[in-house]
Visitor: 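Provided herewith is a single structure, encoded as structure tokens, for subsequent inquiry.
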Number of protein chains: 2
Amino acid sequence: MSNPRITLKDLARELQLSPSTISRAIAGHPAISESTKKKVRKKAEELGFVPNSIAAGFRKKRTHSIGVIVPQIDIHFHSLVISGIEDLAYREGYNITIFQSKDSIEREKEIAKILQNRSVEGIIVCLSNETKSYTHFKKLVKLGIPIIFYDRVPLDFQANKVVIDDFGSAFKATEHLIEQGCQRIGHIAGNQGTSIFKHRFEGYKAALQAHDIPYDPNLVLETQNLSYEEGASCAHKFIASPQIPDGIFCSNDYTAISAVQVFQKAGLKVPEQTAVVGFSNYPISQVIQPNLTTVNDRAYQMGEAAAKLLIRQIEDEDNAIDFETITLKTDLVIRESSLRKK
Amino acid sequence: MSNPRITLKDLARELQLSPSTISRAIAGHPAISESTKKKVRKKAEELGFVPNSIAAGFRKKRTHSIGVIVPQIDIHFHSLVISGIEDLAYREGYNITIFQSKDSIEREKEIAKILQNRSVEGIIVCLSNETKSYTHFKKLVKLGIPIIFYDRVPLDFQANKVVIDDFGSAFKATEHLIEQGCQRIGHIAGNQGTSIFKHRFEGYKAALQAHDIPYDPNLVLETQNLSYEEGASCAHKFIASPQIPDGIFCSNDYTAISAVQVFQKAGLKVPEQTAVVGFSNYPISQVIQPNLTTVNDRAYQMGEAAAKLLIRQIEDEDNAIDFETITLKTDLVIRESSLRKK
DNA sequence: AATATTTATGCAAACGTTTGCATAAATAAT
DNA sequence: ATTATTTATGCAAACGTTTGCATAAATATT
């Protein structure tokens, strides 16, 4: 049989005071005498009183709860984002209720309803792949619940967003290959229906153009899921082409790594014959041989920025803050797979 | 200005009924007529009423909330466990409030208090590295809050635990090397102060003994953190030894991978000259060349099992369930790094 | 001593549900 | 027509805090 939890009323009974006095004493209210405060705190400690934030929150209409919806927790990118969110939230006295949408719009809608039901004060969400309409989120915004979208964000309605500079990152990555002497640069692209990958493709093209290198559509291969297998397939296509590219910018690390491995198996030297750059700085990228040059997309910082923006919006009581978009710069982590010269 | 949230009282006013009738109608109580139920549900839908589970939970003394404490969310093992927990919890109508202890006993104690404060109905926790005393958890158990420990579990007090069969897994991994013809088998061990790694070491020894292979302490190298660097260092020590081992069982994938790479750099053929087996089946293990044979420690299933056990304990009202330990079997995923013969 | 002001504590309503018991209306039985 | 039973809805307390306002006691001023 468990011990029942101690309440303010229990302390009140013990000390022959009223629950409102106990509540104020514990909160350090100036109208309560120091001696009463001392007495109450001592007895609270003695009996193991822990405030019931459900009851307090119910009265004050505050939950200090943030809902987080990610496609999958075990995808490294998202686990870094969540880690960044939790660290910031913990420091600010908020806690995180987490859900996976599993890239299902139906599950995402159900979760949105659950979060309303649970009175979260704000939401951070990476949209599911299937999400094309956002009424389930618009409804919550209308109720005054701020929402921050990260990574996959809605394009056609105003919202708070935290994204990375995909265009600029791709530009820099491609530019790096050019600076390493590459002239015939290929691109393994992500699904162009997803704006992230579209921007990466645009950045790649812009860098070529900026350096007077003609864009050759035959050097761009589009994948659906940027999977390891698709990367290998693209690498084989490059090898089979009349003129093998001497540099490749890949939209994620998996395709970059598989490309590297296919080239090596085919006897192509990386980076001497073909330099390769990936995207996302997964832990894998510093383990494979040669170590992979890759864009560090700062997922942890993305999480921190999203949580900071959300808490600012929660605590802005007059709702004066307009929608905001934070675009994080990235770093290019230069490793062996693209280094020809210093 | 946001729209205020619709309550039972609002519906009551609209329909000229009492809030208790509205509550019962929405809940489908048999004492309420079908026509009233229909009318109430229609109006609820029309006005966008969503039940307030904070208020309902306050009255019923239920939160349907589970607290989860992991050392770090972005460690792949833990992100898989959390994914397993969330999937099971979502299906059972519970939600997950997540915290990182950052391997700090102080932060863990603070989090335990926060979870009491928030009236979670149960807790799943992987103890921080620093945790040597458990009063902060014992106190919660005494209040009737069930706690499931996973992976790093307390040894000297009765608790619910979900672990893997470290001994049996290590035995099987070592046995596999023996079956592949290895006779001089080394071990890169984890910190022996952690029972997980101690059991792995014991399993390794037991397999040698079971096959009449003498245990040679010179073939066992202990690390502190099983880091990539420590793995490389151990590999160098093996290379410098008078007789290089022809098989190595490593306590995690990072050390296995770095060992493989050091051997390859030194001209040793893996697995022909030295076969290598890792532990944890990180995504890395199927990417490196040769692909790594490794123990799949089924972190996702560990999460599911922990959540299932916890919810069973939460919903067992007479508290008749004794403490329980679930030991998950693992699979040995045989890949190139250990295959000499079929 | 009487009056005014300040200090410290208490009362009770409130938050939004749920639910035991009460009561009015409808229906059935005599 | 009267009485008994059933049906459907309502009242109000409860959950554990917080807080506006009330009040008693202590202190200061005249």
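Below, chains carry the letters A, B, ... as their sequence lines are ordered, and counting in each starts from 1.
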Visitor: Would you say dA14(D) has OP1 or OP2 under 4.0 Å from some side-chain N or O of K60(B)?
Guide: no
Visitor: Which part of the nucleic acid does A31(A) contact within heavy-atom distance under 4.0 Å: base, sugar-phosphate only, or nothing?
Guide: base
Visitor: Within the modelled atom types, does a donor on one side and an acceptor on the other bring the side chain of R59(A) and the base of dT17(D) under 3.5 Å apart?
Guide: no
Visitor: Considering every strand shown, what is the Watson-Crick or G-U wobble mate of dA22(C) when both distances are under 3.5 Å?
Guide: dT9(D)
Visitor: Rounded to whole angstrom units, what separation is found between the CG atom of L8(A) and the C1' atom of dT9(C)?
Guide: 15 Å
Visitor: What is the separation between atom CD1 on I26(B) and atom P on dG16(C), rounded to the nearest whole Å?
Guide: 14 Å
Visitor: Can you see whether S20(B) engages S18(B) through a side-chain donor-acceptor pair at a distance of less than 3.5 angstrom?
Guide: yes
Visitor: Rounding to a whole Å, what distance do you find between K37(B):NZ and dA8(D):P?
Guide: 9 Å
Visitor: How close or far is atom C1' of dA8(D) from atom CD of Q16(B), stated in whole angstroms?
Guide: 17 Å
Visitor: Quick one: is dG16(C) close enough that its OP1 or OP2 comes under 4.0 Å of any side-chain N or O from K61(A)?
Guide: yes
Visitor: Counting heavy atoms from C-beta on, name the nucleotide in dT9(C), dG16(D), dG10(D) closest to the side chain of T36(A).
Guide: dT9(C)
Visitor: Between dG16(D) atom P and N117(B) atom CG, what is the distance in whole Å?
Guide: 14 Å
Visitor: Answer with yes or no whether the side chains of S53(A) and N117(B) bring together a donor and an acceptor at under 3.5 Å.
Guide: yes
Visitor: Nearest to the side chain of T7(A) - dT17(D), dG10(C), dT17(C)?
Guide: dT17(D)
Visitor: Please confirm whether any donor atom in the side chain of S20(B) sits under 3.5 Å from an acceptor in the base of dC11(D), or the reverse.
Guide: yes
Visitor: Pick the nucleotide of DNA chain D nearest each of A55(B) and S18(B); which residue has the one closer to the 5' end?
Guide: S18(B)
Visitor: Within this structure, what is the CG-to-P distance between L11(A) and dG16(D), rounded to whole angstrom?
Guide: 13 Å
Visitor: Taking OP1 and OP2 of dT18(C), is either one under 4.0 Å from a side-chain nitrogen or oxygen of S23(B)?
Guide: yes
Visitor: With sugar-phosphate meaning primed atoms plus P, OP1 and OP2, does L17(A) contact a base, only sugar-phosphate, or nothing at under 4.0 Å between heavy atoms?
Guide: sugar-phosphate
Visitor: Picking from dC15(C), dT9(C), dT19(D), which would you name as closest to the side chain of R24(A)?
Guide: dT19(D)
Visitor: What orientation do F99(B) and Y90(A) show, parallel under 30°, tilted 30 to 60°, or perpendicular over 60°?
Guide: perpendicular
Visitor: Do F137(A) and F157(A) make the cut of ring centroids closer than 6.0 angstrom?
Guide: no
Visitor: Separation of H29(A) atom NE2 from dT9(C) atom P, in whole Å?
Guide: 12 Å
Visitor: Verify whether one side chain among Q72(B) and S83(A) offers a donor that lies under 3.5 Å from an acceptor in the other.
Guide: no
Visitor: If I take atom CZ in residue F58(B) and atom P in nucleotide dA13(D), what distance separates them, rounded to the nearest angstrom?
Guide: 16 Å
Visitor: If only side-chain N and O atoms count, and only distance matters, is there a donor-acceptor pair under 3.5 Å linking R5(B) with S119(A)?
Guide: yes
Visitor: Give a yes/no answer on whether the side chain of T21(A) brings an N or O atom under 4.0 Å of OP1 or OP2 in dT9(C).
Guide: no
